[in-house]
Amino acid sequence: MAIHVVKDTTDPGQIQKAVDQEEDRKHDIEHILSSERGRRWFYEIAYVRCHSTASSHVPNCSDSTAFNEGARSVGESLIEEARSSCPNLLIQMLQENYFDL
């Protein structure tokens with residue numbers, strides 16, 4: 001789903017469509033994180049593959065550093081969406097996957 005852009009802030013229809021789409025995205029994230037399998041998948045993408053908590057720097061290689069920073073940026077945006085949508089499920093995910101409790 002594309003994110004709706006409000007071009008005319010005086011148009012209540014555009015504003016409502018953007019608000020509805022934002023709510024849908026929150027529900028999407030909440031749906032994914034509501035199951036153990038979804039939390040495991042989300043953790044793998046955001047923290048492992050996007051290495052959100054690791055350094056992006058590769059000595060003497062600006063291209064690799066830029067590539068790593070792009071992946072990290074994607075992971076950070078996913079984590080922020082989860083943090084703002086359902087922080088309790090994000091914490092549960094971290095407990096299950098990161099802290100190995």
Roughly how far, to the nearest 0.5 Å, is [atom2] of [Y] from [atom1] of [X]?
X	Y	atom1	atom2	answer
D20	I15	CG	CD1	12.0 Å
S52	R72	OG	CZ	7.0 Å
I29	H27	CD1	NE2	12.0 Å
M93	R40	CE	CZ	12.5 Å
T65	N60	OG1	CG	9.0 Å
I91	L33	CD1	CG	12.0 Å

[X] to [Y] - nearest heavy-atom pair and separation:
X	Y	value
G13	D11	N-OD1, 2.9 Å
N68	V58	ND2-CG2, 3.3 Å
I79	Y47	CD1-CZ, 3.4 Å

Discussion item. Between R39 and E36, does the salt bridge (charged side-chain N to carboxylate O under 4.0 Å, His left out) criterion hold? Intermediate values first, please.
Written reply: CA-CA 5 Å; R39 290 188 297 275; E36 184 177 353; 5.4 Å; no

Worksheet item: Can you get from V48 to F67 by hopping between Ile, Leu, Val, Met, Phe, Trp and Tyr side chains that sit under 4.5 Å apart?
Response: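 No, because V48 and F67 fall into different hydrophobic clusters, even though each may have its own neighbours under 4.5 Å.
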
Worksheet item: Under a single-linkage definition using a 4.5 Å side-chain heavy-atom cutoff for Ile, Leu, Val, Met, Phe, Trp and Tyr, are V74 and I32 assigned to the same hydrophobic cluster?
Response: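 Yes, V74 connects to I32 through the hydrophobic network.
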
Item to complete: Return yes if some donor-acceptor pair links the side-chain N/O of E30 with the main-chain N/O of C86 below 3.5 Å, else return no.
Response: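 Not a single qualifying donor-acceptor pair exists.
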
Worksheet item: Under 3.5 Å, is there a donor-acceptor pair between the side chain of S85 and the main chain of A82?
Response: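 No; judged by distance alone, with no hydrogens or angles, the pair does not exist.
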
Worksheet item: Going through the checks in order, is the salt bridge (charged side-chain N to carboxylate O under 4.0 Å, His left out) test met by E22 and R25?
Response: CA-CA 5 Å; E22 184 177 339; R25 284 187 63 80; over 6 Å; no

Discussion item. Does atom CZ (R49) have a neighbourhood of more than 12 heavy atoms from anything else shown, all under 6.0 Å?
Written reply: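 No, not enclosed.
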
Fill in: Heavy atoms from other residues, nucleotides or ligands near NE2 of H51 exceed 12 (cutoff 6.0 Å)
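Atom NE2 in H51 is crowded, with more than 12 foreign heavy atoms closer than 6.0 Å.
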
Worksheet entry | E81 and S77: CA distance, side-chain angles, deciding distance, side-chain contact (heavy atoms from CB on, under 4.5 Å) verdict | CA-CA 6 Å; E81 285 207 41; S77 68; 5.7 Å; no

